[in-house]
Amino acid sequence: MTEARPIILTCGEPAGVGPELAPKALASGVPFVFLGDPRHLREGTAWAEVAAPGEPVAEGVLAVLRHDFPAPAVPGRPDPANAPAVVEVIARAVDLAMSGAAGGICTLPINKEALKRGAGFGFPGHTEYLAHLAGDVPVVMMLASTRVEPPCRVVPVTIHIPLSEVPLALTPLRLEQAIRITDSAMRRDFGLAQPRLAIAGLNPHAGENGVMGDEEARWMAPLVERLRREGFDLRGPLPADTMFYPAARARYDAALCAYHDQALIPIKTLDFAGGVNVTLGLPFVRTSPDHGTAFDIAGQGIADAQSVIAALRMAHEMAARR
């Protein structure tokens, strides 16, 4: 691995915990720069404005790429006036990463409702917006643990949709695309020469030979077999309820799950504070802490920085492999 360029840490929703997590993230030891309005940082934060990522600052000082917002940040109370600037910061970070000025992006959490109300934000979340900014490239979301062995890495093939819509949204094309993107990213960004991927069934007991649903036998198993013949190391479709205990996780490097909660419940149970959100398939590195804006504790200085520290470290490692 080579030394990576600095990571951009985007400010996220300034009324959330982001402004207090940014200075705590210095404990990561990773070179990064905060992109946002320094007036939103917690009082007493030592920061210095820089003109470009990588410009040196004193030890223990937060490097800031300034992006002025129109309104102050009141903890726990998102201001619609600030919503457009939150979106602008994400787009600016992508420009820096795409130009090569930064090694990648680590995004602090946004609040989708606040962005929709204040900026007409039309995307379900960060992942979809980043894919759009990158040229509407196909991507998948992966959640990766950093503090449990064997690692827990999960990819929800369908994400932010109602459970009632999952059976129609989970198509052979969508699953195949997720398998190909995940396999490629595990090679490029995680350094695995032959990634082992496990495919979770949609139904209880993976359908139990059609007794509890036929998707597994009708099209999932034939798809898996076809891709195996291409050289992919795949297992499944497997019953999801027995995929995540330690001995099972040791048999694969990442699990592709049918829907959001099937993937996120196990990782948040196993490594809530150390889980990292990674977007696979982008032309640049993107990670994020696996938590939200936490409006209920914002501004109190008690937000746990473990996940953002883990996200910065993972972004740095991934950027070095690229």
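Values in this document were obtained by computation on a predicted structure and should not be read as measured data.
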*Asks:* Apply ring pair (Phe, Tyr, Trp, His ring centres under 6.0 Å) to Phe123 and Phe121, showing your working.
*Replies:* CA-CA 6 Å; Phe123 298 88; Phe121 192 66; 5.5 Å; yes
*Asks:* Are the side chains of Pro53 and Arg5 in contact, using a 4.5 Å heavy-atom criterion?
*Replies:* no
*Asks:* So, do Leu41 and Glu20 sit near enough that their side-chain heavy atoms are less than 4.5 Å apart?
*Replies:* no
*Asks:* Do you know which two heavy atoms are closest between Met318 and Val278, and how far apart they sit?
*Replies:* CE-CG1, 3.6 Å
*Asks:* For the CZ atom of Phe34 and the CG atom of Leu21, what is their distance to the nearest 0.5 Å?
*Replies:*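 Reported value, rounded in 0.5 Å steps: 10.0 Å.
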*Asks:* Can you sort out the partners of Ser307 under side chain to side chain contact (heavy atoms under 4.5 Å, CB included), two or more places apart, ordered by chain and number?
*Replies:* Pro289, Asp290, His291
*Asks:* Indicate the atoms forming the closest heavy-atom contact of Ala200 with Ala240, along with that distance.
*Replies:*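 For Ala200 versus Ala240, the nearest heavy atoms are CB-CB, 4.2 Å.
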*Asks:* For the residue pair His160 and His260, categorise the inter-ring angle as parallel (less than 30°), tilted (30 to 60°) or perpendicular (more than 60°).
*Replies:* tilted
*Asks:* Taking atom CG as the centre, does Asn209 end up with more than 12 heavy-atom neighbours from other residues, nucleotides or ligands that are less than 6.0 angstrom away?
*Replies:* no
*Asks:* Would you give the length of the straight line joining atom CD of Glu225 to atom CZ of Arg228, rounded to the nearest 0.5 angstrom?
*Replies:*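 Nearest 0.5 Å value for the CD-CZ distance: 5.5 Å.
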*Asks:* For Ile161, check side chain to side chain contact (heavy atoms under 4.5 Å, CB included) against everything at least two apart and list the hits.
*Replies:* Thr158, Glu165, Val166, Ala169
*Asks:* More than 12 non-hydrogen atoms from neighbouring residues, nucleotides or ligands closer than 6.0 Å to CZ on Arg77, yes or no?
*Replies:*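 No - once you tally the heavy atoms of other residues, nucleotides and ligands closer than 6.0 Å, there are 12 at most.
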*Asks:* Can you check whether Val64 reaches Val57 side chain to side chain, under 4.5 Å on heavy atoms?
*Replies:* no
*Asks:* Please name the pair of heavy atoms, one in Thr293 and one in Pro109, separated by the smallest distance, quoted to 0.1 Å.
*Replies:*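 Looks like CG2-O, 3.7 Å.
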*Asks:* Is the shortest side-chain heavy-atom distance between Val33 and Ile8 below 4.5 Å?
*Replies:* yes
*Asks:* For the pair Ser28 (side chain) and Leu312 (backbone), establish whether a donor and an acceptor sit closer than 3.5 Å, ignoring hydrogens and angles.
*Replies:*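 Answer holds: no.
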*Asks:* Please evaluate residues Glu113 and Asn111 with respect to the criterion side-chain hydrogen bond (donor to acceptor under 3.5 Å, both in side chains), reporting the C-alpha separation (whole Å), side-chain torsions for both, the decisive distance (0.1 Å), and the verdict.
*Replies:* CA-CA 6 Å; Glu113 181 184 1; Asn111 181 271; 5.3 Å; no
*Asks:* Tell me, yes or no, whether the heavy-atom count around Phe272 atom CZ, taken from other residues, nucleotides or ligands under 6.0 Å, exceeds 12.
*Replies:*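 Count not over threshold, so no.
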*Asks:* Yes or no on salt bridge (charged side-chain N to carboxylate O under 4.0 Å, His left out) for Glu317 and Arg322, after CA distance, side-chain angles and deciding distance?
*Replies:* CA-CA 9 Å; Glu317 292 166 1; Arg322 291 193 181 194; over 6 Å; no
*Asks:* Could you list the donor-acceptor pairs under 3.5 angstrom formed between side-chain atoms of residues 11-19 and any protein atom two or more places apart in sequence or on another chain?
*Replies:*
from	atom 1	to	atom 2	distance (Å)
Glu13	OE2	Ala15	N	2.9

*Asks:* Quick one: are Pro72 and Arg39 in side-chain contact, heavy atoms under 4.5 Å?
*Replies:* no
*Asks:* To which residues is Val154 joined in a hydrophobic cluster, defined by side-chain heavy-atom contacts under 4.5 Å among Ile, Leu, Val, Met, Phe, Trp and Tyr, whether direct or through other members?
*Replies:* Met141, Leu143, Ile159, Leu238, Met243, Phe244, Tyr252, Leu264, Ile267
*Asks:* Could you work out, with ring-ring contact (aromatic ring centres under 6.0 Å, His included) as the rule, every residue matching His205, not counting sequence neighbours?
*Replies:*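 His205: no ring-ring contact (aromatic ring centres under 6.0 Å, His included) contacts found.
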*Asks:* Can you give me the closest heavy-atom contact between Gly274 and Thr146, atom names plus distance?
*Replies:*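 Reported closest heavy-atom pair: O-OG1, 2.6 Å.
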*Asks:* Under 6.0 Å from the CZ atom of Arg187, do we count more than 12 heavy atoms belonging to anything else shown?
*Replies:*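 Correct, the count exceeds 12.
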*Asks:* Using salt bridge (charged side-chain N to carboxylate O under 4.0 Å, His left out), reason through Arg196 and Asp253 one step at a time and then give a plain yes or no.
*Replies:* CA-CA 5 Å; Arg196 303 167 301 162; Asp253 300 303; 3.1 Å; yes
*Asks:* To the nearest 0.5 Å, how far apart are CG in Leu65 and CD in Glu55?
*Replies:* 8.5 Å
*Asks:* Is any side-chain heavy atom of Pro239 closer than 4.5 Å to a side-chain heavy atom of Thr242?
*Replies:* yes
*Asks:* Which atom pair, heavy atoms only, marks the closest approach of Ile181 to Val140?
*Replies:* CG2-CG2, 3.7 Å
*Asks:* Just wondering, do Phe69 and Glu88 contact through their side chains at under 4.5 Å, heavy atoms?
*Replies:* no
*Asks:* Could you measure the distance from the CD atom of Glu128 to the CG atom of Leu133? Nearest 0.5 Å is fine.
*Replies:* 12.0 Å
*Asks:* For the residue pair Ile105 and Ile7, establish whether any side-chain heavy-atom pair is separated by less than 4.5 Å.
*Replies:* no
*Asks:* What's the spacing between His40 NE2 and Thr45 OG1 if we round to 0.5 Å?
*Replies:* 13.0 Å
*Asks:* Hey, is Arg66 close enough to Asp68 for a salt bridge, meaning N to O under 4.0 Å?
*Replies:*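 Between Asp68 and Arg66 there is a salt bridge, with a charged N closer than 4.0 Å to a carboxylate O.
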*Asks:* Go through the side-chain N and O atoms of Arg286 and Thr107 and say whether any donor and acceptor fall under 3.5 Å apart.
*Replies:* yes
*Asks:* Are any of the side-chain nitrogens in Asp271 or Arg147 under 4.0 Å away from the carboxylate oxygens of its partner?
*Replies:* yes
*Asks:* If you measure from CG on Leu163 to CD on Gln262, what distance do you get to the nearest 0.5 Å?
*Replies:* 10.0 Å
*Asks:* Enumerate the side chain to side chain donor-acceptor pair (under 3.5 Å) contacts for residues 90-102, please, sequence neighbours excluded, ordered by first and then second residue.
*Replies:*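 Of all non-adjacent pairs touching residues 90-102, those that pass side chain to side chain donor-acceptor pair (under 3.5 Å) are His67-Arg92.
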*Asks:* Taking atom CD of Glu59 as the centre, report whether more than 12 heavy atoms of other residues, nucleotides or ligands fall under 6.0 Å from it.
*Replies:* no
